[in-house]
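Everything below concerns the one structure shown next.
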Amino acid sequence: MKLGVEAAVVDGQLVPGDVEVVGGRVAGLGLSSPHGRGIAVPGFVDLQVNGFAGVDFLTADADGYRFAADAILETGVTAFLPTFITSPEEQLLAALREVPAESDGARVLGAHLEGPFLSALRLGIHPAAARRNPDLELLERLLDAGPVRLVTLAPELPGAGAVIERLLRREVAVSAGHSDASAEQTNHAFDLGVRSVTHLFNAMRPFHHRDPGIVGAALARPDVVIQVILDWVHIAPVTAAMVWQAAPARMALVTDAVAGAGVADGDYRLGDLDVEIRDGVARGADGALAGSTLTMIEAVRNLHALGVPLEDAVGAATEVPARVLRLPSAGRIGIGLPADVVVLNDELEVERVLVEGRARVVG
Ligand code: ZN
């Protein structure tokens, strides 16, 4: 089957011509396409999704996962990490047990634990009562409960080094975030193998030229992926442009979407917290930002609107986040790879989505 597109984004390059899919995998690229329309890009990979389409993953059951994983395909996301904020142990264990091994919609790659090993000084919306200092025994219970794929932690906390080493040994990626770390403490974590920072600028020690902190350390370090929420609420466009100039090939777009994303303004839950969404901005009871209603295709458009070439903006939603998870074949279109493909029209709207070659969203 040919997709009938005019070009495809392949490893960061716009390759003119059609794409052929055979047996769920990409079998041909750059094929003649005189009447081709649209651009095929890899399916988006979202590392931070608290909920979507009315479903809060912390309390979702199998039906909830099915519904949300199906709905999120319409935003171009074909693989994601359901993300659990800091919560009591029993709630995290229960949530981890519900993470499905397989999904019929967007692929569930495993869970992102955003906490509970976070800085008490940089919790944002996370409930302080459930915060914990790094604890290897608690970590083991969490890892045994379900497929943990990524952990956000504050690397300056006592015992963080041992937790980082244990996670990396179990092939769980680690991201620094919700942190008051100095640049020196952050670099120590990078030296241990931490390769990412969670929503740069949000819920961390602010950058100061004499105290660059986690922000400065991450920007200065070429082997670290920087996750950002490009909804123009969490960071300003100039801030995003600055990050792009400093770290062009290592910016990963995340949505940090909450249950109200993909639905409408209103009142929702994030674990045990009440979240109010007004004008698309999600806030907790104290007014602090509580995730977003951003979709990944909007984030790609926002990055492109800063002057970033489409191929690179797509890379920030595909290859770069897949790199955090050490999944070299995810987030790419390539011969022999699973055909997880999004077809975009000239307005950069999602026209079609294929998962393993099967058309799941048809515009
Ligand atoms: Zn957060």
Side-chain angles (χ1 to χ4, degrees), residues 46-52 56-58 80-88 91-92 95 111-132 134 142 148-157 160 172-181 186 189 194 196-207 213-215 218 224-235 239-240 243 251-261 268-277 281-294 296 299 321 324:
D46 194 341
L47 300 176
Q48 191 170 5
V49 189
N50 306 283
F52 194 76
D56 179 16
F57 289 124
L58 249 175
F80 70 102
L81 301 182
T83 300
F84 306 141
I85 65 165
T86 301
S87 303
Q91 197 171 5
L92 288 177
H112 174 176
L113 290 182
E114 197 191 15
F117 309 135
L118 306 182
S119 166
L121 301 173
R122 304 289 174 190
L123 282 173
I125 190 81
H126 292 234
R131 191 205 71 84
R132 294 287 178 272
L142 293 169
V148 177
R149 196 74 203 235
L150 174 65
V151 171
T152 291
L153 55 73
E156 73 277 19
L157 296 178
V172 177
V174 186
S175 187
H178 286 267
S179 161
D180 198 49
T186 309
V194 173
S196 184
V197 172
T198 299
H199 49 54
L200 194 77
F201 292 106
N202 302 120
M204 58 184 58
R205 179 192 288 228
F207 178 83
I214 180 171
V215 173
V224 168
V225 170
I226 289 169
Q227 301 173 40
V228 287
I229 307 167
L230 281 206
D231 59 354
W232 304 155
V233 175
H234 282 78
I235 58 174
T239 308
V243 173
M251 180 198 276
L253 301 173
V254 300
T255 64
D256 199 10
V258 292
Y268 296 92
R269 301 282 285 178
L270 177 59
D272 291 336
L273 306 173
D274 289 316
V275 174
E276 185 187 54
I277 298 180
V281 178
R283 295 187 187 277
D286 61 355
L289 289 174
S292 88
T293 60
L294 181 69
M296 194 57 102
V324 173

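Each ligand, and each atom within it, is numbered from 1 in the order the structure gives. What you see below is based on every heavy atom in this structure, not just the backbone, and it leaves out hydrogens, waters and symmetry mates. In this chain, numbering begins with 1 at the start of the sequence shown.
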- Would His126 count as a contact for the Zn ion (ligand 1), in the sense that one of its N, O or S atoms lies under 2.8 Å from it?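 It does not: His126 brings no N, O or S atom closer than 2.8 Å to the Zn ion (ligand 1).
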- Message: Rounded to the nearest 0.5 Å, what separates atom CG in Leu289 from atom NE2 in His234?
- Response: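 Interatomic distance, Leu289 CG to His234 NE2, rounded to 0.5 Å: 4.5 Å.
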- Can you find a pair of side-chain heavy atoms, one from Leu123 and one from Leu118, that are under 4.5 Å apart?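 They are in contact (side-chain heavy atoms under 4.5 Å apart), so the answer is yes.
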- Query: Mind checking whether Glu114 and Thr86 have side chains closer than 4.5 Å, heavy atoms only?
  - Reply: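 Side-chain contact under 4.5 Å: no.
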- Just give me the atom name: the N, O or S atom of His199 closest to the Zn ion (ligand 1).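 Nearest N/O/S atom: NE2.
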- Item | Closest approach to the Zn ion (ligand 1) by Glu114, given as the N, O or S atom name |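 Checking each N, O and S atom of Glu114, the shortest distance to the Zn ion (ligand 1) belongs to OE2.
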- Given the side-chain rings of His178 and His126, with only the six-membered ring counted for Trp, is the space between their centroids under 6.0 Å?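 When the ring centroids of His178 and His126 are compared, they turn out to be within the sub-6.0 Å range.
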